[in-house]
Amino acid sequence: QVQLVESGGGLVQPGGSLRLSCAASGSISSAYLMRWYRQGPGKQRELVALITRGGNTDYVDVVKGRFTISRDNAKNTLYLQMNNLKPEDTAVYYCNARLSSTSTTNYWGQGTQVTVSS
C-alpha cells in the first residue's frame, strides 16, 4: 500500500509554469504505472499524463509539448512540469499509482488546485 501527497499547485498567469510533485510514502520504483489526472470545474476527471515502470510516457493531446511527467525513484516522487499554462488547464490535479500489472487497485492523492488566470 502507498499514500500519495500532491503539492505545488497555485495561481499562475497564462503562459506561466508550475511543477507539481507527488510524494509517495513507499517505494514507487517498481510501480507498474503512475499517472496524473485532473478535474476541472464542472468536468469529469481526465487522464493528463502517465509514466510506466520502464519510463515510457504518454500525454493527452491538449497538453503534449507543454507538460512533462517524470519520476525520481530515489526520492519516491512523481512530477508534472507544466509550461505555457492556459486558463483551460485550471483544475484539481491528482496523482495516481497502480503498483502491479496484475492488480486493478489504484491509489490516489488528495489533489492540488491549479488556477490559471490573469
Side-chain angles (χ1 to χ4, degrees):
Q1 192 169 357
V2 63
Q3 293 182 328
L4 305 171
V5 178
E6 301 96 335
S7 62
L11 173 63
V12 64
Q13 293 186 343
S17 297
L18 283 175
R19 188 177 79 156
L20 305 184
S21 299
C22 171
S25 61
S27 174
I28 63 168
S29 61
S30 60
Y32 172 66
L33 195 61
M34 297 204 69
R35 295 172 281 199
W36 285 100
Y37 283 78
R38 69 184 180 186
Q39 187 165 14
K43 298 181 180 180
Q44 291 188 332
R45 190 173 298 191
E46 65 172 348
L47 176 63
V48 176
L50 65 85
I51 185 166
T52 69
R53 180 184 295 149
N56 295 317
T57 60
D58 201 5
Y59 303 87
V60 66
D61 284 347
V62 293
V63 308
K64 282 182 179 178
R66 300 189 297 123
F67 290 11
T68 302
I69 188 171
S70 62
R71 58 198 289 176
D72 186 332
N73 291 332
K75 295 183 178 180
N76 293 324
T77 302
L78 179 73
Y79 300 101
L80 185 68
Q81 177 67 43
M82 306 185 295
N83 299 327
N84 190 22
L85 282 160
K86 304 176 180 182
E88 51 264 41
D89 295 318
T90 295
V92 178
Y93 284 71
Y94 298 90
C95 174
N96 169 277
R98 181 179 167 188
L99 302 183
S100 169
S101 62
T102 58
S103 172
T104 58
T105 301
N106 281 278
Y107 297 95
W108 294 90
Q110 83 289 348
T112 186
Q113 176 71 48
V114 172
T115 302
V116 185
S117 175
S118 55

Is [X] linked to [Y] within one hydrophobic cluster, defined over Ile, Leu, Val, Met, Phe, Trp and Tyr using a side-chain heavy-atom separation of less than 4.5 Å?
X: Tyr59; Y: Val62; value: yes
X: Val114; Y: Ile69; value: yes
X: Tyr37; Y: Phe67; value: no
X: Leu47; Y: Tyr93; value: no
X: Leu50; Y: Tyr107; value: no

Without swapping roles, check the side chain of Arg98 against the backbone of Ser103 for a donor-acceptor pair under 3.5 Å. yes
I'd like to know if Lys64 and Asp61 make a salt bridge, using a cut-off of under 4.0 Å between side-chain N and carboxylate O. yes
Quick one: [atom1] on [X] to [atom2] on [Y], what's the gap to the nearest 0.5 Å?
X: Cys95; Y: Gln3; atom1: SG; atom2: CD; value: 12.5 Å
X: Leu33; Y: Asn96; atom1: CG; atom2: CG; value: 7.5 Å
X: Ser21; Y: Leu78; atom1: OG; atom2: CG; value: 8.5 Å
X: Met34; Y: Leu80; atom1: CE; atom2: CG; value: 12.0 Å
X: Asn83; Y: Thr68; atom1: CG; atom2: OG1; value: 6.5 Å

Are any non-hydrogen side-chain atoms of [X] and [Y] less than 4.5 angstrom apart?
X: Leu20; Y: Tyr94; result: no
X: Asn106; Y: Arg35; result: yes
X: Tyr79; Y: Arg19; result: yes
X: Glu6; Y: Trp36; result: yes

Heavy atoms from other residues, nucleotides or ligands near CD of Gln110 exceed 12 (cutoff 6.0 Å): yes
Before you tell me yes or no, could you show the steps for Ser17 and Val12 under side-chain contact (heavy atoms from CB on, under 4.5 Å), namely the whole-Å CA-CA distance, both residues' side-chain angles and the distance that decides it to 0.1 Å? CA-CA 7 Å; Ser17 297; Val12 64; over 6 Å; no
Could you walk me through whether Asp89 and Met82 satisfy the side-chain contact (heavy atoms from CB on, under 4.5 Å) test, starting with their C-alpha distance in whole Å, then the side-chain angles of each, then the deciding distance to 0.1 Å, before giving a yes or no? CA-CA 9 Å; Asp89 295 318; Met82 306 185 295; over 6 Å; no
Using side chain to side chain donor-acceptor pair (under 3.5 Å), reason through Thr102 and Ser100 one step at a time and then give a plain yes or no. CA-CA 5 Å; Thr102 58; Ser100 169; 2.8 Å; yes
Show your working on side chain to side chain donor-acceptor pair (under 3.5 Å) between Arg71 and Asn73 and close with a plain yes or no. CA-CA 6 Å; Arg71 58 198 289 176; Asn73 291 332; 3.3 Å; yes
Heavy atoms only: give me the nearest Pro14-Ser118 pair and the separation to one decimal. CD-N, 3.7 Å
Nearest heavy-atom approach of Val92 to Gly111 is CG1-CA, 3.8 Å
Intermediate values then yes/no, side-chain contact (heavy atoms from CB on, under 4.5 Å), Gln113 and Thr90: CA-CA 8 Å; Gln113 176 71 48; Thr90 295; 4.0 Å; yes
Kindly indicate, with the supporting measurements, whether the criterion side-chain contact (heavy atoms from CB on, under 4.5 Å) is fulfilled by Arg38 and Val63. CA-CA 12 Å; Arg38 69 184 180 186; Val63 308; 4.1 Å; yes
